[in-house]
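See below for the structure under consideration.
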Amino acid sequence: MADVTGVLDLRRSPLADTAFGVTSPGLSLDELPFRSLVEVRSPEPPTAPGLVWRLGPAWWLVDDSPTTEPALEVPLADEVRAANPGCPVVDVSAQRTTIVVTGEHATRLLAHGCAIDLTVLPVGEAVQGDLAGAQVVIGRTADELRIYVRPAFARHLAAWLTDAALPYT
Amino acid sequence: MLRIPCPHCGERDETEFHYGGEAGVDYPADPSALADDAWAAYLFLRANPRGWFRERWFHGSGCRLWFALERHTVTDEIRSA
Ligand SMILES: [Zn+2]
């Protein structure tokens, strides 16, 4: 087998070298790069590690920690495939990058560019829609909002978020 | 801006959707048997009412599914179909 040591170090996340990030008492923004993301088609919620978001009828996104080994497909895909026989499972890790928003102003910040009322989004649920003109998935965990955005829109969204965050920092 | 009720995602801005024209226009069962004018009618002729119109919408930014609703072409009032 070819030597793949260091291959993972060659990856560049969509927001690398943009100095993106906000840290303040009421609001913080950060990119969470290289998450293992897998889409599943299944009428029922799939059995999977990590976060499981419902994207639509029979459509799910699984979000788990980044892979530690270079591979054509993230190991999470096979894991989810084995746990959900008969359900199509596709590795979509490179399709989106993840932005984490925390703090008391998180929903207010996104409201500047998103017509979806995120204050009523329950923990463990996600919505798909437009945020500042970019198509995104927004999921709520117990203490944060996770935005999944396509690489081509990531720098635009990061710039918009940084600008919109000014009053809250 | 219309607010469109997606049956799967709830009410969203019109900009998240694509318009799909009149609902209920089925593909002909045997297209090769159609005369030219019947084929042209299938392709191009649509109702254009002044009033309630049943039409298709695609929620491209959300659930990525097609659905039908009724819209009033004068008032833009919307109701489920
Ligand atoms: Zn929808």
Side-chain angles (χ1 to χ4, degrees), chain A residues 37-46 52-61 88 90 92 95-96 99 107 110-122 124-140 145-154 156-157 160, chain B residues 1-31 42-44 46-81:
Chain A
L37 302 175
V38 158
E39 277 188 21
V40 187
R41 291 287 181 166
S42 155
E44 301 301 322
V52 178
W53 305 115
R54 182 180 183 274
L55 299 187
W59 187 16
W60 309 86
L61 177 71
V90 178
V92 294
Q95 193 187 2
R96 299 182 180 95
I99 294 173
T107 47
L110 301 194
H112 287 290
C114 181
I116 305 165
D117 185 358
L118 297 171
T119 59
V120 296
L121 181 67
E125 286 192 21
V127 288
Q128 282 202 94
D130 291 339
L131 170 62
Q135 199 278 335
V136 292
V137 178
I138 303 172
R140 183 188 287 284
L145 287 168
R146 285 193 177 207
I147 307 172
Y148 302 87
V149 60
R150 298 185 206 282
F153 287 89
H156 151 72
L157 188 63
W160 182 87
Chain B
M1 172 86 75
L2 297 179
R3 291 280 286 170
I4 294 177
C6 169
H8 312 289
C9 307
E11 197 177 84
R12 297 291 183 85
D13 279 356
E14 175 189 358
T15 46
E16 292 194 0
F17 297 82
H18 293 285
Y19 184 61
E22 185 179 5
V25 181
D26 293 333
Y27 192 76
D30 185 6
Y42 160 70
L43 286 182
F44 302 118
R46 296 291 181 269
N48 186 21
R50 180 184 171 84
W52 288 104
F53 186 39
R54 191 160 172 271
E55 57 193 16
R56 279 157 60 72
W57 287 84
F58 176 62
H59 194 188
S61 292
C63 56
R64 301 199 59 77
L65 292 173
W66 286 95
F67 61 93
L69 54 74
E70 283 181 4
R71 181 178 60 93
H72 197 285
T73 56
V74 178
T75 62
D76 270 341
E77 220 180 321
I78 286 174
R79 65 189 185 196
S80 313

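- Annotation for B:Thr15 and A:Asp130: closest pair O-OD2, 3.9 Å, computed over non-hydrogen atoms.
- Counting heavy atoms of neighbouring residues, nucleotides and ligands inside a 6.0 Å radius, atom CZ of B:Phe67 exceeds 12 of them.
- Nearest heavy-atom pair, B:His8 versus A:Pro57, reported as atom, atom and distance to 0.1 Å: ND1-CG, 3.3 Å.
- Summarising the geometry of A:Ile116 relative to B:Glu16, their closest heavy-atom pair is CD1-OE2, 4.1 Å, with the distance given to 0.1 Å.
- B:Ser61 approaches A:Gln135 most closely through the heavy-atom pair O-NE2, 2.8 Å.
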